Amino acid sequence: MLTLILTAALSLLALAAIAVKHVPAGQVYSLYRHGKPVRLLQPGTHVVLPLLDRVGHRIDLGGRVLRFEEPLADARDVRGTVYWQVLEPERADSVIEQADQLIRSGALEALQGEAEANADDRRALGQQLKQSLNGTLRARGVMVTRVELDFA
């Protein structure tokens, strides 16, 4: 009997520990129930439904860096650094896992058309690339803050 009571108490204590989620400053957690987004957990301590709710994404609101090095059609290589951040986590939640790939492919598409004309003016090309990326990414809650390019 004592073992049964002790097991039940430990089970309840474990469920209570699972139900408490602490979100650090500078991050937002997306909460999912049955595979569908329920809400965003802002920084702080939250109580969720154990065994039903799960954290889908841990979204960092600070800046991120993406480096790439790709060959262009004219046999030159371009190296770049893209600095980006999440501005609207509710929009970015659905694409946060593919954000690096979206930025990389968008940058390469924009560079294919512009690199021949502006290869000598890297700063202007970086600004054009930043505007092009922001045109597609802003609707998804992500913003590119800076682009640095180097041609080899």
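This one's a predicted model, so the numbers in the text were calculated from it and none came from an experiment. Numbering of residues begins at 1 and proceeds along the displayed sequence.
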Is it the case that the side chain of S132 and the backbone of Q128 share a donor-acceptor pair, with hydrogens and angles ignored and the cut-off at 3.5 Å?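 Answer holds: no.
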
Quick one: does any side-chain atom of R104 pair with a main-chain N or O of R67 as donor and acceptor, under 3.5 Å?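 Present.
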
Just to verify, what does A14 make a side-chain contact (heavy atoms from CB on, under 4.5 Å) with, not counting sequence neighbours?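 By the side-chain contact (heavy atoms from CB on, under 4.5 Å) rule, A14 matches no residue at all.
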
Give the intermediate values and the outcome of side-chain contact (heavy atoms from CB on, under 4.5 Å) for residues L149 and L129. CA-CA 10 Å; L149 296 174; L129 180 57; 4.1 Å; yes

Test side-chain contact (heavy atoms from CB on, under 4.5 Å) applied to V28 and R58, step by step: CA-CA 6 Å; V28 174; R58 290 171 168 82; over 6 Å; no

Other than [X], what residues sit in its cluster of Ile, Leu, Val, Met, Phe, Trp and Tyr side chains whose heavy atoms are under 4.5 Å apart, directly or through others?
X	value
V65	Y83
Y29	V23, L31, L41, V48, V55
L6	L10

Working to the nearest 0.5 Å, report the span between [atom1] of [X] and [atom2] of [Y].
X	Y	atom1	atom2	answer
I18	D53	CD1	CG	12.0 Å
H22	Q27	NE2	CD	9.5 Å
R54	K21	CZ	NZ	11.0 Å
L61	L87	CG	CG	9.0 Å
D150	T81	CG	OG1	9.0 Å
L51	L15	CG	CG	5.5 Å

When you look at M143 and L137, which way does the side-chain contact (heavy atoms from CB on, under 4.5 Å) test go after all the steps? CA-CA 6 Å; M143 182 180 86; L137 295 172; over 6 Å; no

List for me each residue that meets side-chain hydrogen bond (donor to acceptor under 3.5 Å, both in side chains) alongside R138, sequence neighbours excluded, and say none if there are none.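 Result, side-chain hydrogen bond (donor to acceptor under 3.5 Å, both in side chains) vs R138: none returned.
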
Beyond-backbone contact of V82 with R64, side-chain heavy atoms, under 4.5 angstrom: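 Answer no - side chains too far apart.
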
List the atom pairs, donor and acceptor, that lie under 3.5 Å between side-chain atoms in residues 91-98 and the rest of the protein, sequence neighbours left out.
{"residue": "R91", "atom": "NE", "partner": "E88", "partner atom": "OE1", "Å": "3.3"}
{"residue": "D93", "atom": "OD1", "partner": "S30", "partner atom": "OG", "Å": "2.9"}
{"residue": "D93", "atom": "OD1", "partner": "H57", "partner atom": "ND1", "Å": "2.6"}
{"residue": "D93", "atom": "OD2", "partner": "Y32", "partner atom": "OH", "Å": "2.8"}
{"residue": "E97", "atom": "OE2", "partner": "H57", "partner atom": "NE2", "Å": "3.1"}

Quick one, F68 with I103, criterion side-chain contact (heavy atoms from CB on, under 4.5 Å). Give me CA distance, side-chain angles, the key distance, then yes/no. CA-CA 10 Å; F68 63 90; I103 292 170; over 6 Å; no

